[in-house]
There are 2 protein chains.
Amino acid sequence: MELNHGLDDRKLKILHAVIKNYLETGEPVGSRTISKYTDLNLSSATIRNEMADLEDLGYIIQPHTSAGRIPSDKGYRLYVDMLMAEKEQEVIEMREQMLEKADKMDKILKQAAKVLAVNTNYATMVSAPTMNRNKLKFIQLSQVDEHQIIAVIVMEGNIIKNKIVTVEETLNNEIMLKLNMLLNTSLPGMSIEEINLGMIAALKEQAGEQSEIIGDVLHAIGSTIQPEDLEIYTSGATNVFKYPELSDNHSAQEIINAFEEKQMLQEIVTQTLSKEDNHGIQVYIGNETPVQSMKDCSVVTATYELGEGMQGTIGIIGPKRMDYEHVMKTLKTLMTELDEIFHKQE
Amino acid sequence: MELNHGLDDRKLKILHAVIKNYLETGEPVGSRTISKYTDLNLSSATIRNEMADLEDLGYIIQPHTSAGRIPSDKGYRLYVDMLMAEKEQEVIEMREQMLEKADKMDKILKQAAKVLAVNTNYATMVSAPTMNRNKLKFIQLSQVDEHQIIAVIVMEGNIIKNKIVTVEETLNNEIMLKLNMLLNTSLPGMSIEEINLGMIAALKEQAGEQSEIIGDVLHAIGSTIQPEDLEIYTSGATNVFKYPELSDNHSAQEIINAFEEKQMLQEIVTQTLSKEDNHGIQVYIGNETPVQSMKDCSVVTATYELGEGMQGTIGIIGPKRMDYEHVMKTLKTLMTELDEIFHKQE
DNA sequence: ATTAGCACTCGAAGGAAAAGAGTGCTAATA
DNA sequence: TATTAGCACTCTTTTCCTTCGAGTGCTAAT
C-alpha cells in the first residue's frame, strides 16, 4: 500500500493529533488543544495556520465558522491506511471468553459477535461461513415414516443440513440401502458446483425406478445449501446509542433496522468476501460503505478462513470516529481465534 | 371474566373515549375534546366533573395540573377486559402473506414475526414451539468419519436436531446397526421427560461395550433439546421509534436491547405458556410485564398449538396506548393461521 | 518562521415573556 | 337537581433575546 499524501511530517503529526483527539472526545478540536496535546511545542497560532492548510487539502473540516476541526472521510482514510501499514500482534483475554461457550458453530459465532461487541463498544456482526466451494462429506437417507424420508447432508467442516422429502410410495429397506450406497459412492468429495445437470442425470439413470427420489434429494441438497441461507449473527446494536452523532437523528433507527433485518448486512459480507487484501481487514469509511443507511458510520470487516474455501466475515459498525487502532487489533485477534477453533475442531 | 367496575354507563363511555382518543394521538386528552368527540352532547364542564371522578377512581391520570388526562394502567386494564369480552373474527390478507414463504419452520416463524410487525406497527416476537412434552419419532446414528458419528434426532412434528459425537474407537457397520436398532426399538414414542436415569441405565446395559457411546448420544439428545435452545424470532424492533413516549428516554435502548439479546423475551414466553386462558391471548400492561425493561410498554401475547403439547408464543410489544383492538384481532388471526399451517404440514 | 494579540463569528446555554391548553370552582340556568 | 357558562389559575411549550465561550483569521511584533 502506498501512503502517497503530500504532507510533511509536522502536518502529519497535527492531523494525527486532531483525529486521535476527536476519536476520544467526539467534539471538534481546536488549535489550542493541539498546541498542548502534542509534543511539537508550537503555539496555537502556528497550529491554526497548519490546520487551515490541512483543511484546504481536504483532510479536516470545520462544522461551522467558529468551531474546531473534525476529520473528513479523506482524513480518516489516511489515518487508517497508516495504521494498516503498521504490524501489531496482541492476544488478549478474548480467548477464554470465546472458548467458554464453544459448542456448536452457531453458538460460537453468536458468542464471537457478543464478545466483540463487549470488547469494542460498537455494533458487531458475524456471518456464518459460506460454503460455495465446500465439499460434501456424507449423505444419509433414512425412512422416517411411510411417506417421508429425511436426508442428512454433512459437509466438510461438519456443517449439517437436513431436509425432509415426501415420497409417494413406501420404500423398503433394500431400496434405501441402495440409494444410500449410490449417493455415497459418487457424491462425497464433490463441491456444490460440481454437481451439475450431467451428474444428476447420471445418478438418476443409475437409480432406476427411484430416479424421482434421487432428483428430489439432489434438488433438496441444492436448495438447502444455497447462499440464501447465509446466517448472520449480530450483537451490541444498541451500542450506537453511545455515540451522539449516531443516536441523534433517525440514523440510529436505520442502523438498528439494518441489524434486525440483516438483509443489508449481507451486502457487506458479499462485498468483503469479494476483495482480498490487507490481511483480510477492510475499512469502509462513511460513504465508502456498501450500505447506504450506514453512510454516517465506519465499517471494519475481517475475513476468517475455515479451509477448503469456506470463509466468513466479522464486522464492526461504529461512528466514523471509531477507535480504529483498537478495533483492528481486536478484530485480528478474534479472526485468528476463530481460525484456530474451527481448525482444531475438525 | 367479570367486568366488575362500579362505573355507570356515562362514565364508561367517557373513559372509553379518553382511552381511544389517547391511543390515536398519544397526547393527554382534555374535556373539550371529549365533549366534541362523543355523542353524549355534554359540555366540557360536565365532562370535567366526570373526569375528576374517574381520576379519583384511579382510571385516568393527570400528568401535570393543567394537562388533559391519560389512561392509568387500571384504565387500560378495564378497556382491554371489555375488548376481551367481545368476540371477533376476521381473516385478512395475512393468509397470503404468510403462505408466500412457507417453507421450513424457522422461515415460517420469521415471516410470521415480520408480517405481524408490518401489520401492526409494533415490535413483534415469535418463539419456536417448545417441545418438552414432544415425543421422539426416529433416531439415526451414522458414521461420518473414523472418529465422528452423527446423531440425527427427529421429533413428532418433524423437528430435526443433529449432534456430532466424537468417539474413541472406530465402529464397524455391525455395531452401528446394532446401536441404531437398540435406540429405535426403545426410544420412539417417548417424550423427553420419560427418558430418565433408569431408562438410560437400561439402555447402556444393553449396549454392552458401546455403553459409553449410548451415554454420549443420550446426553446429546438431552442437551440438544433442552429449552435453552428456545429460538425466538423478532421483527420491527425499530417500530418503537414511532412512539415518542418510548423513543425519547433511553427506554428505547432497553427495549431494543432486549430484542437483540432475546434473553429477556424468553421470560415472556415462559410466563405466557404457564398460564392458559382468554383464548390464549394475554395482555400485560405496564408493570404487569415479566420484563422490567418493558415497564413503559404493553405486551400482548398469544399461544399457538402444534399438537402433542407443543406450543409457541407470539408477542407484540408496543406503547401502553396500543391499539388493543386491532392487535388482538390480528394476533388471533395469525394464531389460527399458524395452527393451520403446522397441522396441514404434518 | 513563529507567535502574541485582537476583533470577529457563530453556536450553545440561559432566561424571560408570551402563548396555549386545560383545570377547578362558582354562579347561573333549565 | 343536573348541567353549563364563565373565569381565574396553573403549568407546559414555544419563542425570542441575551450572554457566554470557544475558536477562528488576520496583523503586527519577535
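Every chain is numbered from 1 and lettered A, B, ... according to where its sequence line falls, protein lines coming before strand lines.
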key: Check: B/Asn119 side chain, B/Val115 main-chain N or O, donor-acceptor pair, under 3.5 Å   = yes

query = Counting only N and O atoms by type, is there a donor-acceptor contact under 3.5 Å from the side chain of A/Glu260 to the main-chain atoms of B/Ala237?
reply = yes

message = Which residues in residues 69-76 of chain A have a heavy atom closer than 4.0 Å to any atom of DNA chain C?
response = none

message = Could you check whether atom NZ of B/Lys20 has more than 12 heavy atoms from other residues, nucleotides or ligands sitting under 6.0 Å from it?
response = no

message = Quick check on contacts: within residues 27-58 of chain B, what sits under 4.0 Å from DNA chain C by heavy-atom distance?
response = B/Gly30, B/Ser31, B/Arg48, B/Met51

request  = Decide yes or no, distance alone: a donor-acceptor N/O pair under 3.5 angstrom between the base of C/dT9 and the side-chain of A/Thr65.
outcome  = no

inquiry  = Among residues at least two apart in sequence or on other chains, which ones pass side chain to side chain contact (heavy atoms under 4.5 Å, CB included) with A/Ala45?
reply    = A/Ser43, A/Arg48

message = Donor-acceptor pair, distance only, cut-off 3.5 Å: does the side chain of A/Lys74 make one with the backbone of A/Leu57?
response = yes

query = With sequence neighbours excluded, what pairs up with A/Asp73 under the salt bridge (charged side-chain N to carboxylate O under 4.0 Å, His left out) test?
reply = A/Lys320

query = With respect to A/Leu265, which candidate in A/Glu267, A/Lys262, A/Glu261 satisfies the side-chain contact (heavy atoms from CB on, under 4.5 Å) definition?
reply = A/Lys262

inquiry  = Tell me every residue that passes side chain to side chain donor-acceptor pair (under 3.5 Å) with B/Arg32, counting only those two or more places apart in sequence or in another chain.
reply    = none

Under the salt bridge (charged side-chain N to carboxylate O under 4.0 Å, His left out) test, residues paired with A/Lys13 that sit two or more places apart = none

request  = Return the set of residues passing ring pair (Phe, Tyr, Trp, His ring centres under 6.0 Å) with B/Tyr122 (not counting sequence neighbours), or none when no residue passes.
outcome  = B/Tyr243

request  = Give the intermediate values and the outcome of side chain to side chain contact (heavy atoms under 4.5 Å, CB included) for residues A/Thr124 and A/Ile314.
outcome  = CA-CA 8 Å; A/Thr124 62; A/Ile314 321 169; over 6 Å; no

DNA chain D: stems of at least 3 consecutive Watson-Crick or G-U pairs whose donor-acceptor distances fall under 3.5 Å = C:1-30 with D:1-30

request  = Using ring pair (Phe, Tyr, Trp, His ring centres under 6.0 Å) as the criterion, list what pairs up with B/Tyr76, not counting sequence neighbours.
outcome  = B/Tyr324

request  = Check every nucleotide of DNA chain D for an atom under 4.0 Å from a heavy-atom of chain B, then give the first and the last such nucleotide from 5' to 3'.
outcome  = D/dT3 to D/dT12

ask   = Got a sec? Which of residues 14-22 of chain B come in under 4.0 Å of DNA chain C, heavy atoms?
value = none

key: Close side-chain approach of B/Ile70 to B/Glu27, heavy-atom, < 4.5 Å   = no

inquiry  = Would the distance check show the side chain of A/Thr272 and the main-chain N or O of A/Ile268 forming a donor-acceptor pair, the cut-off being under 3.5 Å?
reply    = yes

Using atom types as modelled, flag every donor-acceptor pair under 3.5 Å from a side chain in residues 285-294 of chain B to any protein atom, sequence neighbours excluded.
| residue | atom | partner | partner atom | Å |
| --- | --- | --- | --- | --- |
| B/Glu288 | OE1 | B/Arg77 | NH2 | 2.7 |
| B/Glu288 | OE1 | B/Ile285 | N | 3.0 |
| B/Thr289 | OG1 | B/Val291 | N | 3.1 |

